[in-house]
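For reference, the structure is listed below as structure tokens.
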Amino acid sequence: AALSRRYVLCEVVSEDPRCRQCIEDRAVGLAVRDAIGRVHGDYGLACCSISFTVKYLNAYTGTVLLRCRKDSYRLLCSALPFVRQLESRNQRYPCFLSTLHVGGTIRTCQKFLIQYNRRQLLVLLQNCTNEEERRCIQKSLSSCSLTEEQSQSGDEEDDDGAE
């Protein structure tokens, strides 16, 4: 039987614009492991460390996808609010991880992220101050979909926009 896994989709939230530059696999992995250790001790850290990895990371959007075993995802999720900073090149940047979605596959997380981004863009669209901004956001909205490269399975599903 295949090992059951959970994928936790998070967003790195920070007031410090320099924080974006230190969003890298290693920094996020260390910050999460540190939080698990502080909250759940060595036992919790050992449980979570089995097959824990940073699967995907986009420093530009602050999106992070974490993978762990199904039986330890609650330990992982309960420790995430205790991530308070990311460290890179001996610099510390205060931030926190906001959990957006927990899914059984990367694909369900991708689909959730597309819907989430679409909702965020709609909010921006409502707050537009000029026509140029409106055009840019509408262009972004129309490009919210899974591409061949992202899905890698080739079975392109059309998005019916259901939420």
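For this chain, numbers begin at 1 and follow the sequence in order. Just so it is clear, the structure is predicted and the values come from calculations on it, not from any experiment.
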Q. Measuring from Asp16:CG to Gln85:CD, what's the distance to the nearest 0.5 Å?
A. 12.0 Å
Q: Determine whether more than 12 heavy atoms belonging to other residues, nucleotides or ligands lie under 6.0 Å from atom CG of Asp42.
A: no
Q | Within 6.0 Å of CZ in Arg135, more than 12 heavy atoms from elsewhere | A | yes
Q: Search all heavy atoms of Cys47 against all heavy atoms of Leu75 and return the closest pair with its distance.
A: CB-CD1, 3.8 Å
(Q) Whether the side chain of Thr63 engages the backbone of Glu11 through a donor-acceptor N/O pair (distance < 3.5 Å, no angle test) should be reported. (A) no
Q. Does the side chain of Thr53 reach to within under 4.5 Å of the side chain of Leu66, using non-hydrogen atoms?
A. no
Q: Assess whether side-chain contact (heavy atoms from CB on, under 4.5 Å) is satisfied between Asn130 and Glu133, documenting all intermediate values.
A: CA-CA 6 Å; Asn130 63 46; Glu133 272 183 6; 3.4 Å; yes
Q) Where is the tightest heavy-atom contact between Ser78 and His40, given as atom of each residue plus distance? A) OG-NE2, 2.8 Å
Q: May I ask you to test the Cys10-Leu80 pair for a side-chain heavy-atom distance under 4.5 Å?
A: yes
Q. Just checking, any donor-acceptor pair under 3.5 angstrom between side chains of Glu87 and Tyr93?
A. no
(Q) For a 4.5 angstrom cut-off between non-hydrogen side-chain atoms, does Ile106 reach Lys55? (A) yes
Q) Is any side-chain heavy atom of Arg119 closer than 4.5 Å to a side-chain heavy atom of Gln115? A) yes
Q: Take Leu124 and Leu121 through the test side-chain contact (heavy atoms from CB on, under 4.5 Å) and record every step on the way to the result.
A: CA-CA 5 Å; Leu124 285 176; Leu121 284 167; 4.3 Å; yes
Q: Treating Ile, Leu, Val, Met, Phe, Trp and Tyr as nodes and any side-chain heavy-atom pair under 4.5 angstrom as an edge, say whether Val102 and Leu65 lie in one connected cluster.
A: no
**Q.** Any Leu86 side-chain heavy atom under 4.5 Å of Val12 side chain
**A.** yes
Q. Going from CD1 on Ile23 to OH on Tyr60, what distance comes out if it is rounded to the nearest 0.5 angstrom?
A. 12.5 Å
Q: Please check if the side chain of Arg38 supplies one atom and the backbone of Phe82 the other of a donor-acceptor pair under 3.5 Å.
A: yes
Q: Return the minimal non-hydrogen interatomic distance between Thr108 and Gly103, and the atom names on each side.
A: OG1-CA, 3.8 Å
Q) What distance do Tyr7 atom OH and Thr105 atom OG1 have between them, rounded to the nearest 0.5 Å? A) 8.0 Å
(Q) I want to check something: taking the side chain as every heavy atom from C-beta on, are Ser72 and Ile50 in contact at a cut-off of under 4.5 Å? (A) no
Q.
With rounding to the nearest 0.5 angstrom, report the OH to CG distance, Tyr56 to Asp25.
A. 11.0 Å
Q.
Taking the side chain as everything from C-beta on, heavy atoms only, tell me whether Val64 gets closer than 4.5 Å to Asn58.
A. no
**Q.** Nearest non-hydrogen partners of Cys19 and Cys95, listed with the distance
**A.** SG-CB, 3.9 Å
**Q.** Any Arg33 side-chain heavy atom under 4.5 Å of Ser49 side chain
**A.** yes
Q. So which heavy atom on Ser51 is nearest to which on Cys68, and how close?
A. OG-C, 3.8 Å
**Q.** Closest approach of Val32 to Val83 (non-hydrogen atoms, all atoms of both residues)
**A.** CA-CG2, 4.0 Å
Q: Report the distance from atom CZ of Arg69 to atom CZ of Arg5, rounding to the nearest 0.5 Å.
A: 9.5 Å
**Q.** Separation of Gln120 CD from Thr61 OG1 (nearest 0.5 Å)
**A.** 11.5 Å
